Amino acid sequence: MSDLAIRCRGLVKRYPPDVLAVDGLDLEVARGECFGLLGPNGAGKTTTIEILEGLVPPTAGEVELLGRRWTDAPRALRARLGITLQETRLPERLTVAEILRLFRSFYRRGRTVAEVLALVGLEEKRSARYERLSGGQKQRLAMACALVSEPELLFLDEPTTGLDPQSRRHLWDVVVETRRRGHTVLLTTHYMDEAERLCDRVAIVDRGKVIALGTPRELVARVAGTEVVEFETAADAVDEAALRALPGIAAAARDGAGWRLTVAELHVGVPALLGHLQARGIPLTALATHRASLEDVFVTLTGRRLND
């Protein structure tokens, strides 16, 4: 049995007339791993995950899930997967329990309806019609439908987009529990805190390519440094080369109306910056510092923010 839950090589997806959604993407996900595909809207995350799920055929490339290809035994392979789409619509007039019984009937083995209801925290809503659920409850029910078969590999495409903080954290707990049971999770998201909290490794995707791969901590340390300083001035008289030459500054770049500095030593870099601006008579209008994150990794690699 392969140690890989997911393996794809040279994955390409083109849409006519000239859209290249996925551009030669390579990916390996180990069994039992929670793996994150990160990137802004339009980066190719959803197209990639739909190809892996067998919903969309690739233009080119190879895909293996759990050591099998979709051309081998698609029905047997699908029985081993759980899928939560970016948007799920279920029968409005059915109750929560009826929907789960329906999905459970599709599989030879799996969890009971009661087990899944407890897992996603919907016990009190078992008799409620789908149309009367809140957005967070509907998303939890969609997750329950994906988990009812006890899948070896769980796909989650933007599972917490638009949810309130409480519902979001509840779904995080479900992912942690799924991972604890030894199952593999592939998660797409554009929330960096979500990836840092849940994922063993992440791949940052931009324009259909993987541009960085590693654990969240490795990527932050390797790409973004330790601390980030963001500042704005009243006059557009700051010289990038001069900023890079300051003590403690590892990198400097424009960021909208201001500047973004990667700082190895905050106690050295900030005083050097303030002294530099004061000596040149450049008034400072805003200054903020924070520890580097995956968001900073993306900005460093692409020059854009995730919401751009």
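Treat the numbers as computed from the prediction; the structure is a model and nothing was measured.
- The pair Glu131-Arg93 counts as a salt bridge, with a side-chain nitrogen and a carboxylate oxygen less than 4.0 angstrom apart.
- Between Arg9 and Glu64 no salt bridge is recorded (no basic side-chain N to carboxylate O distance below 4.0 Å).
- Under the side chain to side chain contact (heavy atoms under 4.5 Å, CB included) criterion, Arg78 pairs with Leu55, Trp70, Ile83, sequence neighbours left out.
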>> Between Leu301 and Asp206, is the side chain to side chain contact (heavy atoms under 4.5 Å, CB included) condition met? List the steps.
In response: CA-CA 10 Å; Leu301 290 173; Asp206 188 37; over 6 Å; no
>> What verdict does the side chain to side chain contact (heavy atoms under 4.5 Å, CB included) test give for Met143 and Thr178, after you've listed the backbone C-alpha separation in whole Å, the side-chain angles of each residue and the deciding distance to 0.1 Å?
In response: CA-CA 11 Å; Met143 178 81 83; Thr178 301; over 6 Å; no
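- In terms of the salt bridge (Lys or Arg N to Asp or Glu O under 4.0 Å) criterion, Glu98 has no residue partners (sequence neighbours excluded).
- The main-chain N or O of Gly32 is found under 3.5 Å from a side-chain atom of Arg179 such that the two form a donor-acceptor pair.
- With sequence neighbours left out, the side chain to side chain contact (heavy atoms under 4.5 Å, CB included) criterion links Arg181 to Arg111, Glu150, Glu177, His183.
- Within the structure, ring-ring contact (aromatic ring centres under 6.0 Å, His included) contacts touching residues 85-128 (residues at least two apart or in different chains) are Phe103-Phe106.
- In this structure, Thr285 contributes its side chain and Glu232 its backbone to a donor-acceptor pair below 3.5 Å.
- Checked by atom type and distance alone, the side chain of Glu194 never pairs as donor or acceptor with a backbone atom of Tyr191 at under 3.5 Å.
- The backbone N or O of Val120 lies less than 3.5 Å from a partner atom in the side chain of Arg140, making a donor-acceptor pair.
- Looking only at side-chain heavy atoms (C-beta outward), Val228 and His290 come within less than 4.5 Å of each other.
- Residues passing the side chain to side chain contact (heavy atoms under 4.5 Å, CB included) test with Thr46 are Glu50, Gln86, Asp157, sequence neighbours excluded.
- Listed by first and then second residue, the ring-ring contact (aromatic ring centres under 6.0 Å, His included) pairs that reach into residues 133-182 come to none, sequence neighbours excluded.
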>> One pair to check against salt bridge (Lys or Arg N to Asp or Glu O under 4.0 Å): Glu240 and Arg254. What are the steps and the verdict?
In response: CA-CA 8 Å; Glu240 182 175 337; Arg254 273 284 191 185; over 6 Å; no
> Where do Leu81 and Leu66 land on the side chain to side chain contact (heavy atoms under 4.5 Å, CB included) test, with the steps shown first?
Replying inline: CA-CA 10 Å; Leu81 308 181; Leu66 305 171; 4.2 Å; yes
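- Classification of Arg201 and Glu218 as a salt-bridged pair fails, no side-chain N sitting under 4.0 Å from a carboxylate O.
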